[in-house]
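Single-structure report; data block below.
A note on names: the letters A, B, ... follow the listed sequences, proteins ahead of strands, and every chain is numbered from 1. Values below: all heavy atoms of this structure, side chains included; hydrogens, waters and symmetry mates excluded.
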Protein chains: 2
Amino acid sequence: MTTPTHSRRSDATRASILRAARERFAADGYERATIRAIAADAQIDPSMVMRYYGSKEGLFAAAAEFDLRLPDLTSVPPARLGEVLVRHFLSRWEGDETLVALLRAASTNPGAAERMRGIFADQLTAAVATFGTDPALTARRAGLVASQVLGLAFTRYIVRLPPMADTTPEELVAWIAPTLQRYLTGTPSS
Amino acid sequence: MTTPTHSRRSDATRASILRAARERFAADGYERATIRAIAADAQIDPSMVMRYYGSKEGLFAAAAEFDLRLPDLTSVPPARLGEVLVRHFLSRWEGDETLVALLRAASTNPGAAERMRGIFADQLTAAVATFGTDPALTARRAGLVASQVLGLAFTRYIVRLPPMADTTPEELVAWIAPTLQRYLTGTPSS
DNA sequence: GACTGTTGCCAACACCTGTTGGCAAACACT
DNA sequence: AGTGTTTGCCAACAGGTGTTGGCAACAGTC
């Protein structure tokens with residue numbers, strides 16, 4: 001039993017490994033990101049990665065720890081829900097490469113896909129459930145929002161489709177906010 | 001110089017390799033899909049794959065050959081463009097695992113991403129350009145459509161988010177058609 | 001100053017990867 | 001029947017992978 005309050009000398013190493021891991025996973029995906037490359041980026045021996053994180057899966061699990069940090073939607077004017085959500089997602093995505101790492105890895109790694117499912121099923125569905133719409137529709141609304149938001153991320157950060165990668169966040173917000181708004185509060189036919 | 005009209009005996013082998021490759025690439029992604037596994041599925045020696053397709057990259061290039069087969073949008077009532085497009089994409093996606101293979105591989109393989117970019121930038125942009133909207137907006141409209149359609153595919157076939165994977169195509173069409181309709185013919189603020 | 005635990009590196013293991021060259025059988029053609 | 005080509009398999013190579021165990025240097029405690 002070690003004292004968790006006392007900061008160990010290896011904390012800096014742990015952190016630099018994690019930082020390098022996020023970068024590599026985001027840039028290369030799960031299988032192309034090798035432990036040796038991550039260790040080289042962190043200027044550390046590959047065996048240290050194993051000692052501190054147990055396995056490659058364990059390292060990824062630690063590196064892909066993520067919270068959407070969705071704002072409290074009950075204090076948002078109902079007509080502006082879509083806009084607030086797109087803006088939040090865009091800023092969350094631009095500022096933290098963890099989500100890109102998770103997105104890339106989710107395509108090929110079952111564990112990463114499971115985690116992505118958890119994040120969007122739990123956190124987003126919970127947020128959608130806070131304003132009282134038909135509970136039977138809540139999951140579907142959250143799923144539709146996830147499809148547009150993840151599609152935006154996929155085309156902008158992964159595939160880098162020129163029109164999506166080059167457009168300014170504000171223009172994207174203007175186009176996509178009404179979509180999310182309808183998914184959240186509208187009906188299919190409207 | 002061999003006679004290209006005469007069907008060779010190896011055509012069946014070539015085809016079975018290609019079929020196995022598409023399945024594996026679709027299920028596992030580019031790096032996890034090994035030539036040995038593909039050859040085993042096709043009940044053939046791994047070296048045959050190399051002889052017929054040159055390299056793993058060459059095999060993928062052949063397996064990921066794809067045409068969106070977009071319908072002629074000029075003969076579609078302008079108000080129903082969104083609906084026609086979602087329906088077309090969904091049926092195209094359900095019936096041919098090539099697109100799933102390409103989608104999975106595009107996350108980690110630069111060549112696959114390049115091909116995906118080409119397909120959606122060329123074919124989709126060309127289709128959008130057929131009905132005469134503002135040319136300056138054409139690329140952006142196509143990009144937005146791609147973001148929603150690829151997001152649908154990503155959540156439904158790759159991550160398998162429950163609400164997206166379980167919903168019937170018709171319900172998806174009802175929800176998503178208006179989105180594409182606005183991206184194609186609307187304005188951001190509307 | 002000796003003792004105990006931590007931090008780090010080196011070397012190696014066992015396995016899997018794409019890829020290659022050679023050789024036997026089946027075929028096509030005269 | 002005999003010759004040249006095609007189809008297929010086997011064995012192997014060179015390189016990279018995650019992972020492990022041991023050993024030196026250091027830090028902190030009595």
Side-chain angles (χ1 to χ4, degrees), chain A residues 1-22 24-25 27-64 101 104-105 108-112, chain B residues 1-22 24-25 27-64 101 104-105 108-112:
Chain A
M1 181 84 83
T2 57
T3 66
T5 62
H6 182 270
S7 81
R8 324 177 122 282
R9 193 161 48 90
S10 62
D11 284 354
T13 309
R14 285 185 141 88
S16 76
I17 292 177
L18 221 52
R19 181 157 25 89
R22 270 193 266 264
R24 283 283 176 177
F25 282 135
D28 301 339
Y30 183 81
E31 14 273 335
R32 285 177 113 99
T34 71
I35 290 203
R36 281 174 167 85
I38 292 169
D41 287 358
Q43 295 179 340
I44 221 68
D45 191 85
S47 62
M48 302 302 293
V49 179
M50 304 302 297
R51 184 177 294 171
Y52 289 147
Y53 294 98
S55 68
K56 189 181 183 181
E57 289 267 358
L59 173 62
F60 179 80
R104 263 230 168 76
T108 53
N109 186 268
Chain B
M1 180 87 81
T2 57
T3 65
T5 63
H6 182 270
S7 83
R8 325 176 123 282
R9 193 163 49 89
S10 61
D11 284 354
T13 309
R14 285 186 142 87
S16 75
I17 291 177
L18 221 52
R19 182 158 23 91
R22 270 193 267 263
R24 283 283 177 177
F25 282 135
D28 300 338
Y30 183 81
E31 12 274 334
R32 286 176 112 97
T34 71
I35 291 201
R36 282 174 167 86
I38 292 169
D41 287 358
Q43 295 178 341
I44 219 69
D45 191 86
S47 63
M48 303 301 293
V49 178
M50 304 302 297
R51 185 177 292 170
Y52 288 146
Y53 293 98
S55 68
K56 188 181 182 180
E57 289 267 358
L59 173 63
F60 180 80
R104 261 230 170 75
T108 54
N109 185 267

Considering non-hydrogen atoms only, spot the tightest contact between B/A20 and B/D41 and give its length. CB-CB, 3.7 Å
Worked verdict on A/N109 versus B/R32 for side-chain contact (heavy atoms from CB on, under 4.5 Å): CA-CA 9 Å; A/N109 186 268; B/R32 286 176 112 97; 3.7 Å; yes
With the threshold set at under 4.0 Å for non-hydrogen atoms, list the residues of residues 49-61 of chain A touching DNA chain C in residue-number order. A/R51, A/Y52
Which residues pass the salt bridge (Lys or Arg N to Asp or Glu O under 4.0 Å) test with A/R36, sequence neighbours left out? none
If you measure from CG on A/L18 to CD1 on A/I38, what distance do you get to the nearest 0.5 Å? 9.5 Å
CD of B/E57 to OH of B/Y30: how many Å apart, nearest 0.5 Å? 3.5 Å
Using a distance-only test with no angle check, is there a side-chain donor-acceptor pair under 3.5 angstrom linking B/T108 and B/E31? yes
To the nearest Å, give me how far apart CZ (A/R14) and P (C/dT6) are. 11 Å
Spacing between A/N109 atom CG and D/dG18 atom P, to the nearest angstrom: 13 Å
Output for pair (B/I35 CD1, B/M48 CE), nearest 0.5 Å, gives 13.0 Å
From CG (B/L59) to OH (B/Y52), nearest 0.5 Å: 13.5 Å
Interface with DNA chain C, restricted to residues 35-45 of chain B and to heavy atoms under 4.0 Å: B/I35, B/R36
Once you round it to whole Å, what is the distance between C1' of C/dC10 and CE of A/M48? 13 Å
Is any N or O donor-acceptor pair between the side chain of A/S47 and the base of C/dC10 shorter than 3.5 Å? yes
